[in-house]
**Q** 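Quick one: the structure is below, questions incoming.
Letters A, B, ... are given to chains in the order of the sequence lines, protein chains preceding strands, and every chain is numbered from 1. These numbers come from a predicted model, not from an experiment.
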There are 2 protein chains.
Amino acid sequence: MTEKLKSFYLFKDLDDKSLARLDEISNVIEYKKGSILFFEGDKAANLIILLEGILQVYKTDQKGNKVILHHFFPVDVIAEIVNFEHMHYPASAEFESDGKVLSINYDTFEKEFLKNPDISFAFIKSLSKKIKYLENVIATNMVMNSTARVAKFLCENGDKISKLKKSHIAANLNMTPETLSRILKKLSTMGLIEKQKDEILILDKEGLETFYL
Amino acid sequence: MTEKLKSFYLFKDLDDKSLARLDEISNVIEYKKGSILFFEGDKAANLIILLEGILQVYKTDQKGNKVILHHFFPVDVIAEIVNFEHMHYPASAEFESDGKVLSINYDTFEKEFLKNPDISFAFIKSLSKKIKYLENVIATNMVMNSTARVAKFLCENGDKISKLKKSHIAANLNMTPETLSRILKKLSTMGLIEKQKDEILILDKEGLETFYL
DNA sequence: CAATCTCTTTGACAAATATCAAGAATAATT
DNA sequence: AATTATTCTTGATATTTGTCAAAGAGATTG
């Protein structure tokens, strides 16, 4: 297990003694697809690192619609500020696939590890990454309209698109499947993409980019 | 000047020698209301700390409308990840009032100061604060509708409201003045607020809160 | 391969907010 | 105080996206 810990960038510079200690204060938990890692409002006692699976973080608006805020992939540190600031989770998190998590007792971690310059630098790195992600969420969802979001998604994920259900893509882009369908039709009519059996071909990437750049 | 530096929480634990060095690599710049601190896309060479004034950070959407993302107040560290990640500014910043800024050569700062555990802890604190702020921007603007945003603003800023122009409030809430006017009228009709000459009285705070809690 | 189930598309309509234009209220200036 | 300039409000209309319902297309199962 200490070997496994060592392989995470956050811990790569720790000596064996520290790793053993870290091992003591942490454990691995597995989750099934669809299960909830935490609910909005929960308090956090553990620092959580996503080892396997895709985690979706969302809020629910007044009409009861999910508003998807993040996706986390391995190996991401999840919501560390909630630990750092002793806050409540500002959103809920649900596994989009089966997953696995490393759960570290945070108080001990802060006391014994966060002073270590390598750890704190990695922690800064992780926070920084999160800010970039949030900036992107804001730029995408507050500044861009539906068509722009679809165009951006197509340009950035043209490959993955065949594997995903359209309704799933729509949820990720915070729009309804109907709206997505209509936009794809429009882009198709404009000759920017071609809808095939199972795939969407991008015919004019530059044309798509004009919607959001 | 070193005394002044010492008064910022980020530097409060530095010894005199370090402060003198910090002084060497930094300088104070003054800005007039309406002037631009940086444009979206600019590259950053300096770590910027807002000493005086209110700074507005915004993007421009495709129609040319400003979308206001943040407000910074003294003493905030501005967009430190842009330095840390050697990125370009993802948005523009404009002074809403006359202002003053401490500009620190970032490369030197990272090399000579960021290793210091007190500094790095304060840096983490600052990043953490920013994440909370961004989470709030997202929660407010992506999850809440116009009425909820106005209600929240009234509850949180009931005092300041008389000093601000309505068009300015509307811009801050990312809606048009017309929409704000209509919502205030609606809330007034519902008996939750009372519009007076120069002020808005909150008659039923709990009633307002139901719009967004 | 027919029946069933799920997902996607389409159409008609509704809701929220923006836009444009005009009038009303306030504030500033002469 | 009268005039002028700003800002705010109101009404009419447009735009974007969501909602609901039904039809169509694909996939799955017996």
Side-chain angles (χ1 to χ4, degrees), chain A residues 33-34 58-68 96 140-154 160-190 193-201 211-212, chain B residues 33-34 58-68 96 140-154 161-190 193-200 211-212:
Chain A
K33 173 175 175 175
Y58 63 93
K59 286 195 166 237
T60 306
D61 69 14
Q62 274 159 327
K63 291 185 188 166
N65 299 315
K66 255 191 196 179
V67 180
I68 297 180
E96 269 190 17
T140 305
N141 288 284
M142 281 178 59
V143 181
M144 293 175 10
N145 63 21
S146 296
T147 305
R149 298 205 301 278
V150 172
K152 179 164 186 258
F153 184 89
L154 288 170
K160 295 176 204 152
I161 218 164
S162 55
K163 285 160 208 143
L164 297 170
K165 271 192 293 190
K166 298 235 169 86
S167 54
H168 188 237
I169 296 171
N172 284 200
L173 295 173
N174 290 321
M175 64 184 66
T176 60
E178 292 94 328
T179 299
L180 175 62
S181 176
R182 290 180 179 118
I183 288 169
L184 289 175
K185 190 180 180 186
K186 180 178 76 180
L187 296 176
S188 192
T189 308
M190 293 172 77
I193 61 173
E194 192 177 319
K195 297 203 287 176
Q196 290 197 332
K197 182 90 186 265
D198 213 21
E199 236 181 334
I200 295 174
L201 291 181
F211 281 103
Y212 68 95
Chain B
K33 173 177 176 174
Y58 63 92
K59 286 195 166 235
T60 306
D61 72 14
Q62 275 159 324
K63 291 183 188 166
N65 300 316
K66 255 191 196 179
V67 179
I68 297 180
E96 270 191 16
T140 304
N141 288 283
M142 281 178 59
V143 180
M144 292 174 13
N145 63 22
S146 296
T147 304
R149 274 180 278 147
V150 172
K152 181 165 185 258
F153 184 89
L154 288 171
I161 218 164
S162 55
K163 286 159 207 142
L164 296 170
K165 272 193 291 191
K166 296 236 171 86
S167 55
H168 187 237
I169 296 171
N172 284 199
L173 295 173
N174 289 321
M175 64 184 66
T176 60
E178 292 93 329
T179 298
L180 175 62
S181 175
R182 289 179 179 119
I183 288 170
L184 289 175
K185 189 180 181 186
K186 181 179 73 180
L187 296 177
S188 192
T189 307
M190 293 172 76
I193 60 172
E194 192 177 322
K195 295 203 289 176
Q196 292 196 332
K197 184 88 188 264
D198 213 21
E199 237 182 331
I200 294 175
F211 281 103
Y212 67 96

**Q** Taking side-chain hydrogen bond (donor to acceptor under 3.5 Å, both in side chains) as the test, write out the residues that go with A:Thr147, two or more places apart.
**A** A:Lys186
**Q** Could you tell me which non-hydrogen atom of B:Tyr212 sits nearest to which non-hydrogen atom of B:Lys152, and how far apart they are?
**A** CE2-CA, 3.5 Å
**Q** So, using side-chain hydrogen bond (donor to acceptor under 3.5 Å, both in side chains) as the criterion, who are the partners of A:Arg182 when residues are at least two apart?
**A** none
**Q** Can you give me the N/O atom pairs linking the protein to nucleotides 5-12 of chain C at distances under 3.5 Å, or say none if there are none?
**A**
{"from": "C:dC7", "atom 1": "OP1", "to": "A:Lys165", "atom 2": "NZ", "distance (Å)": "2.9"}
{"from": "C:dT8", "atom 1": "OP1", "to": "A:Lys166", "atom 2": "N", "distance (Å)": "2.6"}
{"from": "C:dT8", "atom 1": "OP2", "to": "A:Ser167", "atom 2": "N", "distance (Å)": "3.1"}
{"from": "C:dT8", "atom 1": "OP2", "to": "A:Ser167", "atom 2": "OG", "distance (Å)": "3.2"}
{"from": "C:dT9", "atom 1": "OP1", "to": "A:Lys166", "atom 2": "NZ", "distance (Å)": "3.4"}
{"from": "C:dT9", "atom 1": "OP1", "to": "A:Lys195", "atom 2": "NZ", "distance (Å)": "3.4"}
{"from": "C:dT9", "atom 1": "OP2", "to": "A:Ser181", "atom 2": "OG", "distance (Å)": "3.2"}
{"from": "C:dT9", "atom 1": "O5'", "to": "A:Ser181", "atom 2": "OG", "distance (Å)": "3.1"}
{"from": "C:dG11", "atom 1": "N7", "to": "A:Arg182", "atom 2": "NH2", "distance (Å)": "2.7"}
{"from": "C:dG11", "atom 1": "O6", "to": "A:Arg182", "atom 2": "NH2", "distance (Å)": "2.9"}
{"from": "C:dA12", "atom 1": "N6", "to": "A:Arg182", "atom 2": "NH2", "distance (Å)": "3.4"}

**Q** Rounded to the nearest Å, what distance is computed from the CG atom of residue B:Asn174 to the P atom of nucleotide C:dT19?
**A**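 B:Asn174 atom CG is separated from C:dT19 atom P by 12 Å.
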**Q** With heavy atoms of chain B within less than 4.0 Å as the criterion, where does contact along DNA chain D begin and end?
**A** D:dT7 to D:dA12
**Q** Of all heavy-atom pairs between B:Phe211 and B:Ala148, which one has the smallest distance, and what is that distance?
**A**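 Scanning both residues completely, I find the closest heavy atoms to be O-CB, 3.3 Å.
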**Q** For the helix from C:dC1-D:dG30 to C:dT30-D:dA1, how many degrees between its two end axes (five pairs per end), to the nearest 10°?
**A**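 End-to-end axis angle: 30°.
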**Q** So B:Ile200 and B:Leu187, side-chain contact (heavy atoms from CB on, under 4.5 Å) or not? Walk me through it.
**A** CA-CA 11 Å; B:Ile200 294 175; B:Leu187 296 177; over 6 Å; no
**Q** I'd like to check the side-chain contact (heavy atoms from CB on, under 4.5 Å) partners of A:Ser188; sequence neighbours left out, ordered by chain and number.
**A**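 With sequence neighbours excluded, A:Ser188 shows a side-chain contact (heavy atoms from CB on, under 4.5 Å) to A:Ile193, A:Lys195, given in chain and number order.
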**Q** Test of understanding: with side-chain contact (heavy atoms from CB on, under 4.5 Å), list the residues that count as partners of A:Thr176, not counting sequence neighbours.
**A**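 side-chain contact (heavy atoms from CB on, under 4.5 Å) list for A:Thr176, sorted by chain: A:Glu178, A:Thr179.
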**Q** Please list, chain by chain and in numerical order, all residues satisfying side-chain contact (heavy atoms from CB on, under 4.5 Å) with A:Val143, sequence neighbours excluded.
**A**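 side-chain contact (heavy atoms from CB on, under 4.5 Å) list for A:Val143, sorted by chain: B:Lys59, B:Asp61, B:Val67.
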**Q** Are the side chains of B:Ser146 and B:Met175 in contact, using a 4.5 Å heavy-atom criterion?
**A** yes
**Q** Residues from residues 144-151 of chain A sitting under 4.0 Å of DNA chain D, heavy atoms only?
**A**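 DNA chain D contact set from residues 144-151 of chain A: A:Asn145, A:Ser146.
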**Q** With A:Lys66, which residues qualify under salt bridge (Lys or Arg N to Asp or Glu O under 4.0 Å), at least two apart?
**A** A:Glu94
**Q** Run the side-chain contact (heavy atoms from CB on, under 4.5 Å) test against A:Ala171 and tell me which residues pass, sequence neighbours left out.
**A**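 Residues passing side-chain contact (heavy atoms from CB on, under 4.5 Å) with A:Ala171: A:Ile68.
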**Q** Using the test side-chain hydrogen bond (donor to acceptor under 3.5 Å, both in side chains), find all partners of A:Glu96 that sit at least two apart in sequence or belong to another chain.
**A** A:Gln56, A:His71, A:His168
